[in-house]
Every structure is written in structure tokens, then in C-alpha cells.
> 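My questions all concern the structure below.
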Amino acid sequence: MANVFISHAYTDLPLAQAIEKQLLDKGHTSRIPLGAAVAGTWRAKYARALAAADVLVVLVTVDSLNSKNVLGEIGAGRVLEQLKGLIMLPVLYDDMGIPPFLSDIYCFRLRGPESVDALVDELDKVIVDNVNLTPRVFISHRHKDAPVASALTSLLEQAFHVQSSDIRCTSVQPYMLT
């Protein structure tokens, strides 16, 4: 499934966590769980997490429109959309109007905390329909180099969070063709 980054104002954390929990329950992942204490250079860690994401969900509220971090993440999302195909999914809270700088992007609507389930179902469908995730790495090799390919897949598994759909290597389980 997709690696999701959720941008939100600090005051909107409980609502963002409710969305995150349901997206995780549907099989999506997040590099930095919302609300986690990020030590060290937190800004760089969040930037790397956003750059690695397949999807940017932006919770658009009055508070988030006053957050320099959220506005910066929207700007970074626009660049990543052009560079690597990141999908930005703005979620307008309650009766929030569409900000002019998001008017060219389809926006979702969250009427209140009680409608999180329906919103997450919508987001999940869009993510599944629009994010082409498999495979991310294709290991091409000669038949006689199968041991080298196996060692390379082991290295990738140890160095990165890898799912069986992330790699295609025709001589190594579970990365073979179905």
C-alpha cells in the first residue's frame, strides 16, 4: 500500500490521528507516527518523511492555514508532485472554503469527527486507484548471478522498510512474479 504523510496543525492532532489510524488499518504506512516525539533535527526528519511519501494528506483547518509548517509542506508537496508523482489530498474541515492556492486540486470534505470513517474510505479508494506502487525496485540479473541478486535483496530488506510488493526479482522469494 502507500506511504502516507499527514500534514496538520498541532491543534488538529487528535483528528489527524483518527485519520492516520484508519489509513494504517487499511494497510497504508507512515514513516513518522503522528504525535511521536522526534528527537534531534526534527525538521530534517519530517522533510525526509515527506519526500519518501507517496501521498500527502493535508488537513485544512483555520489553524492549519496559520501554520508555517503546514503551508511549507503544501509547497513541498507541489514540488514532489512534479518530481515524483506524489498525490496531494487536501481535506477541508467542516465549512472551510477552498483556499485559492489549493483551488486547482480536488479537495475532500470532512464535516466533523463523526465522518472520519467515510472520509478514510474515500481517501483509500483514491490512493488505491491513483498510486502505482509496485514494484519500486526491479533487480535485473543473469540466472548464474542469482546468489548475488539474493544478497542484494537481503541488503535492501535490512536497510529499508520493504514489503514483498516493493521489489521484483525473478529468482528470489517472495519477490518472484506471481
> Side chains of Leu15 and Tyr93, heavy atoms from C-beta outward: is any pair under 4.5 Å?
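Counting from C-beta outward, Leu15 and Tyr93 do come under 4.5 Å.
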> Kindly give the heavy-atom pair with the smallest separation between Leu102 and Cys107, and that separation in Å.
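Between these two residues, the closest heavy atoms are O-SG, 4.1 Å.
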> Please answer whether the main-chain N or O of Arg111 pairs with a side-chain N or O of Ser115 as donor and acceptor at a distance below 3.5 Å.
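Yes; at least one donor-acceptor contact below 3.5 Å.
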> Is there a side-chain contact between His141 and Thr170, using heavy atoms and a 4.5 Å cut-off?
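SC-SC contact between His141 and Thr170 confirmed.
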> Can a donor-acceptor pair be found, under 3.5 Å and without considering hydrogens, that links the side chain of Thr41 to the backbone of Ala44?
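Flag not set: sc Thr41 to bb Ala44 has no pair under 3.5 Å.
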> Val55, Ile105: one ILVMFWY side-chain cluster at the under-4.5 Å cut-off?
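No; Ile105 is not reachable from Val55 via cluster members.
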> Return yes if some donor-acceptor pair links the side-chain N/O of His28 with the main-chain N/O of Ala2 below 3.5 Å, else return no.
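Side chain of His28 to backbone of Ala2, a donor-acceptor pair under 3.5 Å: yes, one is there.
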> What closest approach, in Å, do Gly97 and Leu92 show between heavy atoms, and which atom pair accounts for it?
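That would be O-CD2, 4.0 Å.
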> Please determine which of Leu59, Leu50, Leu56 meets the side-chain contact (heavy atoms from CB on, under 4.5 Å) test together with Ser7.
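Testing Ser7 for a side-chain contact (heavy atoms from CB on, under 4.5 Å) against Leu59, Leu50, Leu56 leaves exactly one candidate, Leu56.
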> Less than 4.5 Å apart, any side-chain heavy atom of Ser30 and any of Glu20?
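The answer is yes; the side chains approach within 4.5 Å.
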> Tell me the closest heavy-atom pair linking Asn69 and Arg43, and the distance in Å.
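Minimum heavy-atom contact is OD1-NH1, 3.5 Å.
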> Which value, rounded to the nearest 0.5 Å, describes the distance between Glu73 atom CD and His8 atom NE2?
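Reported to 0.5 Å precision, the distance equals 8.0 Å.
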> With distance as the sole test, does Glu81 use its side chain to make a donor-acceptor pair with the main-chain N or O of Met88 at under 3.5 Å?
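No: the side chain of Glu81 does not pair with the backbone of Met88.
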> Could you check whether any side-chain heavy atom of Ile87 comes within less than 4.5 Å of a side-chain heavy atom of Leu89, counting everything from C-beta outward?
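Yes; the side chains approach each other to less than 4.5 Å.
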> Drop me the distance from Asp124's CG to Glu122's CD, to the nearest 0.5 angstrom.
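Rounded to the nearest 0.5 Å, the CG-CD separation comes out at 11.0 Å.
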> Less than 4.5 Å apart, any side-chain heavy atom of Val79 and any of Lys84?
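They are not in contact (no side-chain heavy atoms under 4.5 Å apart), so the answer is no.
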> Would you give the length of the straight line joining atom CD1 of Ile32 to atom CD1 of Ile6, rounded to the nearest 0.5 angstrom?
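Between Ile32 CD1 and Ile6 CD1, I get 12.5 Å after rounding to 0.5 Å.
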> Which atoms form the tightest heavy-atom contact between Arg31 and Ala49, and what is the distance?
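Looking at all heavy atoms of both residues, the shortest contact is CB-CB, 3.9 Å.
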> For the side chain of Asp54 and the backbone of Asn3, is there at least one donor-acceptor N/O pair under 3.5 Å apart?
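Flag set: sc Asp54 to bb Asn3 pair under 3.5 Å.
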> Just verifying a value: how many Å separate Leu123 CG and Ile127 CD1, rounded to the nearest 0.5 Å?
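One gets 6.0 Å once the value is rounded to the nearest 0.5 Å.
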> State whether Arg109 and Asp95 are salt-bridged, where the test is any N-O pair (Lys NZ or Arg NE/NH1/NH2 against Asp/Glu carboxylate O) under 4.0 Å.
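Not counted as a salt bridge, because no side-chain N and carboxylate O are separated by less than 4.0 Å.
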> Counting distance only, does the side-chain N/O of Asn130 pair as donor-acceptor with the main-chain N or O of Val126 below 3.5 Å?
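Indeed, once roles are kept as given, a pair shorter than 3.5 Å links the two residues.
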> Where do Ala36 and Tyr46 come nearest, in terms of heavy atoms and distance?
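Taking every non-hydrogen atom into account, O-OH, 4.2 Å.
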> Going hydrophobic residue to hydrophobic residue with side-chain gaps under 4.5 angstrom, can you get from Val131 over to Leu80?
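No.
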> Salt bridge check: are Lys125 and Asp121 linked by an N-O gap of less than 4.0 Å?
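No, no charged N to carboxylate O under 4.0 Å.
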> About how many Å separate SG of Cys169 and CZ of Phe138, when rounded to the nearest 0.5 Å?
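Taking CZ in Phe138 and SG in Cys169, the distance rounds to 8.0 Å.
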> What's the shortest heavy-atom distance between Val172 and Ser150, and which atoms?
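Looking at all heavy atoms of both residues, the closest pair is CG2-CA, 3.6 Å.
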> I need the Thr29 OG1 to Leu23 CG distance, nearest 0.5 Å.
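Thr29 OG1 to Leu23 CG: 10.5 Å, rounded to 0.5 Å.
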> State plainly whether one hydrophobic cluster holds both Leu110 and Leu13, where clusters connect Ile, Leu, Val, Met, Phe, Trp and Tyr through side-chain heavy atoms under 4.5 angstrom apart.
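Linked, Leu110 and Leu13 end up in one cluster.
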> Would you say Leu86 and Phe108 are hydrophobically clustered, going by side-chain heavy atoms of ILVMFWY under 4.5 Å?
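Not linked; separate clusters.
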> Identify whether Tyr175 and Val137 are in the same connected component of the hydrophobic contact network (ILVMFWY, side-chain heavy atoms under 4.5 Å).
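Per the 4.5 Å side-chain linkage, Tyr175 and Val137 are co-clustered.
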> Any side-chain to backbone donor/acceptor pair from Arg168 onto Met176? Under 3.5 Å, distance only.
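Side chain of Arg168 to backbone of Met176, a donor-acceptor pair under 3.5 Å: yes, one is there.
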> Flag the pair Leu65 / Met96 as yes when at least one side-chain heavy-atom distance between them is below 4.5 Å, and no otherwise.
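Counting from C-beta outward, Leu65 and Met96 do come under 4.5 Å.
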> Other residues, nucleotides and ligands only: do more than 12 of their heavy atoms fall within 6.0 Å of CZ on Phe101?
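Check passes, neighbour count above 12.
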> What residue among Thr61, Val57, Val120 forms side-chain contact (heavy atoms from CB on, under 4.5 Å) with Val91?
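So, applying the side-chain contact (heavy atoms from CB on, under 4.5 Å) to Val91 and each of Thr61, Val57, Val120, only Val57 qualifies.
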> Look at the side chain of Lys21 and the backbone N and O of Ala16, then say whether any donor-acceptor pair between them is shorter than 3.5 Å.
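A pair under 3.5 Å: no.
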> Using modelled atom types and a 3.5 Å cut-off, is there a donor and acceptor pairing between side-chain atoms of Lys26 and backbone atoms of Met1?
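Not at all, since once roles are kept as given, no pair shorter than 3.5 Å links the two residues.
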